[in-house]
Amino acid sequence: MSTRRQHDRAFVRTFFTSPTAVEGEDDSAKMVRSAAQLRGMEAPDVWVPDNEDATAPSMRDEGAENVVDVVAEHGADFPGEIHPRVVWHRDSPTTRYQGFQHILQIANPEKGAIEHIDGFVIPEVGGIDDWKKADEFLTVAENEHGLEEGSLAMSVIVESAAAELAMGDLREEIAKPTNNLERLFMLVDGEVDYTKDMRAMTPTGGLPSWPELRHNTSRGASAAGLVAVDGPYDDIRDVEGYNERMTDNRAKGMVGIWSLTPGQVVEANEAPLPPETGSWLIDVDGHEVELESVDGLQVYDGDRIELEETSDGYVLRVDGDDLELDEDELREELLDLTEYVPSMDDIVDSMEEFEAAKEAGRGAISMTQAATIVVDGNEIDITKDRMWDEATYQAAMTPISLFQDVYENRSDQHEALAELYGEDVVQRAMNVG
């Protein structure tokens, strides 16, 4: 089984849902109509007109009509991909049939929407046989409307234990000639329904963070050449928490996240990109604190770390412990406490330097990072040397590949990216690798 990706996008940062029909409004399609006109950093990589949970059951037939009308009108100009979510349920043939009817309706070429639609999102799937049922319905819809088999992508929402276990079967099942599962594109976590399915409880009634599910989804996507997306973060005012969740996800290889508002879309579009400027972090009680850059110095201005110069050297107070150190020992201690976060320019510089060294026949080179750390007015110079080899280079390529994927697929964000990094850095980033 090959893990070659079948779709144009190798990365999805943002999965934005909007209700397909709003009851009691003069224009029931107002939310999808508004979403279809988002551009730049406010526009998601994947827009999901949501004809399932976000839309009342009594409005879903009208919602399918709204998807057709709005996408037919605005789909050609929408800068991301469009993947409507239809109803489905592993235990309900009636619900699956309703979802199939909506797929047939939306995919009808005579209605003018399907040429702008990239695929469908299937919720509430169960075991791998249930995924095959959804795949078969899409195959039937393609044949019914004269579309090429496999042309419609399928993404599933993992919101049951059965679906989580099914991800382990994908590597074998996706290659079998008896199905069209190569159409699979995204694996999306749905932690709310997953919590219900698992009968999980917390003291506050809050939602568990489910790091295991997110890891398993990222692993399943990587093994099958798919894209992993985390579920919704419903505290839309908690920007810091949203960013912390995305940081934790990226450490698991999961770049994408569900976005509920255009504000969350902007955060999720920008967060995975390499930073504009580099920064130094220092470990304070197990938490990384960014040092303030002042005239080229990296200044710690908190009160959890103290540094006093004495006649014999220094006393470094960390977490209430006093360490008596000479200058070399202090430098080593600060090296252990600090980390550098490279900017886009830093990453590109290092990659260009390694590429030049490799061209000259060298398999590894040393890269140096230097800084002057200031604690309580005391300045200490530190230097970190990092060995770069082919594995280091390939690891650095991941954020650059993400940037290149964004730049190639989102021309509406070119101006914002040039403003962020500068045109020279953007062009160099597109040329490395």
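- Legend: residues meeting side chain to side chain contact (heavy atoms under 4.5 Å, CB included) with Val299, ordered by chain and number and at least two apart, are Val294, Leu297, Val374.
- In terms of modelled atom types and a separation under 3.5 Å, the side chain of Ser293 and the main chain of Gly296 share no donor-acceptor contact.
- Between Asp130 and Trp88, the side chains place a donor N or O and an acceptor N or O closer than 3.5 Å (distance only, hydrogens not considered).
- Pairs passing the salt bridge (Lys or Arg N to Asp or Glu O under 4.0 Å) check and including a residue from residues 317-328, sequence neighbours excluded, read Glu306-Arg317, Arg317-Asp322, Glu327-Arg331, Asp328-Arg331.
- With rounding to the nearest 0.5 angstrom, the CD atom of Glu309 is 13.0 Å from the CG atom of Leu316.
- Using a 4.5 Å heavy-atom threshold, the side chains of Trp47 and Val32 count as touching.
- The two residues Leu334 and Ile382 come nearest to each other via the heavy atoms CB-CG2, 4.2 Å.
- In this structure, the side chains of Pro44 and Phe78 come closer than 4.5 Å at one or more pairs of heavy atoms.
- Scanning for side chain to side chain contact (heavy atoms under 4.5 Å, CB included) contacts around Asp91 gives His89, with sequence neighbours left out.
- Residue pairs meeting the ring-ring contact (aromatic ring centres under 6.0 Å, His included) criterion with at least one member in residues 248-294, sequence neighbours excluded: Phe15-Trp258, Trp280-Tyr340.
- By the ring-ring contact (aromatic ring centres under 6.0 Å, His included) test, His145 pairs with no residue at all, sequence neighbours left out.
- Sorted by first and then second residue, the side-chain hydrogen bond (donor to acceptor under 3.5 Å, both in side chains) pairs involving residues 399-426 (not counting sequence neighbours) are Arg9-Asp405, Arg13-Gln413, Asp45-Arg410, Asp405-Asn409, Arg410-Asp412, Glu423-Gln427.
- Using a 4.5 Å heavy-atom cutoff, the side chains of Thr17 and Leu260 are in contact.
- By the ring-ring contact (aromatic ring centres under 6.0 Å, His included) test, His83 pairs with Phe185, sequence neighbours left out.
- With sequence neighbours left out, Phe100 forms a ring-ring contact (aromatic ring centres under 6.0 Å, His included) with Phe137.
- Ile347 and Ala396 get closest at one heavy-atom pair: CG2-O, 4.1 Å.
- Checked against ring-ring contact (aromatic ring centres under 6.0 Å, His included), Tyr300 has no partners two or more places apart in sequence or in another chain.
- Side-chain atoms of Asp189 and Met254, non-hydrogen and from C-beta on, do get closer than 4.5 Å to each other.
- Although no hydrogens or angles enter the test, the distance criterion places no donor-acceptor pair under 3.5 Å between the side chain of Lys132 and the main chain of Glu173.
- Each salt bridge (Lys or Arg N to Asp or Glu O under 4.0 Å) pair with one or both residues in residues 243-254, not counting sequence neighbours, appears once here: Glu191-Arg245, Arg214-Asp248, Asp230-Arg245, Asp248-Lys252.
- Rounded to the nearest 0.5 angstrom, Ile282 CD1 and Leu291 CG are separated by 5.5 Å.
- Of the inter-residue distances, the one linking Ile117 atom CD1 with Ile114 atom CD1 reads 4.5 Å to the nearest 0.5 angstrom.
- Two residues are said to be in side-chain contact when any heavy atoms from C-beta on lie closer than 4.5 Å; Val348 and Met351 fail this criterion.
- Side-chain contact of Tyr314 with Glu329: a donor-acceptor pair under 3.5 Å is absent, judged by distance alone.
- No side-chain donor-acceptor contact under 3.5 Å links Asn431 and Arg428.
- Not one N or O on the side chain of Asp283 forms a donor-acceptor pair closer than 3.5 Å with the backbone of Leu337.
- Judged purely by atom type and a 3.5 angstrom limit, Thr55 uses its side chain to pair as donor or acceptor with the backbone of Thr20.
- By the neighbour-count criterion of 12 heavy atoms within 6.0 Å, atom CZ of Arg304 is sparsely surrounded, having that number or fewer from other residues, nucleotides or ligands.
- Across Asn51 and Gly63, no two heavy atoms sit closer than the pair OD1-CA, 3.6 Å.
- Considering every non-hydrogen atom in both Pro84 and Gly119, the closest pair reads CD-O, 3.1 Å.
- Expressed to the nearest 0.5 Å, how far CG of Asp235 lies from CD of Glu240 amounts to 11.5 Å.
- The backbone N or O of Gly263 sits nowhere less than 3.5 Å from a side-chain atom of Glu267 that would complete a donor-acceptor pair.
- Remark: side-chain polar atoms of Ser222 are not paired, donor with acceptor, to backbone N or O of Ser218 under 3.5 angstrom.
- The heavy-atom pair separating Ser343 from Gly278 by the smallest distance is CB-N, 3.3 Å.
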Would Gln37 and His74 count as a side-chain contact (heavy atoms from CB on, under 4.5 Å) here? Give the steps. CA-CA 7 Å; Gln37 297 176 72; His74 298 286; 3.9 Å; yes
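- Within the 4.5 Å cutoff, the side chain of Met41 has heavy atoms near those of the Glu270 side chain.
- Arg171 places a side-chain N or O within donor-acceptor distance of the main-chain N or O of Ala223, the cut-off being under 3.5 Å.
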Quick one, Asp8 with Asp118, criterion side-chain contact (heavy atoms from CB on, under 4.5 Å). Give me CA distance, side-chain angles, the key distance, then yes/no. CA-CA 10 Å; Asp8 291 338; Asp118 299 277; over 6 Å; no
Val86/Ile122 under side-chain contact (heavy atoms from CB on, under 4.5 Å): CA gap, chis, key distance, verdict: CA-CA 6 Å; Val86 296; Ile122 310 297; 3.9 Å; yes
Report, one line per pair, each donor and acceptor closer than 3.5 Å where one atom sits in a side chain of residues 147-163; sequence neighbours left out.
residue: Glu149; atom: OE1; partner: Asn180; partner atom: ND2; Å: 3.4
residue: Glu149; atom: OE2; partner: Asn143; partner atom: ND2; Å: 3.0
residue: Ser151; atom: OG; partner: Glu148; partner atom: O; Å: 2.7
residue: Ser155; atom: OG; partner: Met186; partner atom: N; Å: 3.2
residue: Glu159; atom: OE2; partner: Glu124; partner atom: N; Å: 2.8
residue: Ser160; atom: OG; partner: Val125; partner atom: O; Å: 3.0
residue: Ser160; atom: OG; partner: Ala163; partner atom: N; Å: 3.1

Evaluate the criterion side-chain contact (heavy atoms from CB on, under 4.5 Å) for residue pair Leu184 and Trp131; output intermediate values, then yes/no. CA-CA 10 Å; Leu184 279 168; Trp131 299 36; 4.1 Å; yes
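- Proximity of Arg85 to Val188: side-chain heavy atoms (C-beta onward) are nowhere separated by under 4.5 Å.
- Distance alone, capped at 3.5 Å, is enough to place a donor-acceptor pair between the Gln264 side chain and the Tyr233 backbone.
- Rounded to the nearest 0.5 angstrom, Asp389 CG and Lys358 NZ are separated by 10.5 Å.
- Here the CG-OG1 distance, from Leu213 to Thr195, works out to 8.5 Å after rounding to the nearest 0.5 Å.
- A donor-acceptor pair is defined here as one N or O able to donate and one able to accept, closer than 3.5 Å; no such pair exists between the side chain of Asp376 and the backbone of Asn378.
- When every heavy atom of Ala224 is checked against every heavy atom of Leu170, the shortest pair comes out as CB-CB, 4.1 Å.
- A heavy-atom distance below 4.5 Å is found between the side chains of Ile257 and Asn249.
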Donor-acceptor pairs under 3.5 Å, side chain of residues 361-368 to any protein atom, not counting sequence neighbours: which ones?
residue: Thr368; atom: OG1; partner: Asp385; partner atom: OD1; Å: 2.8

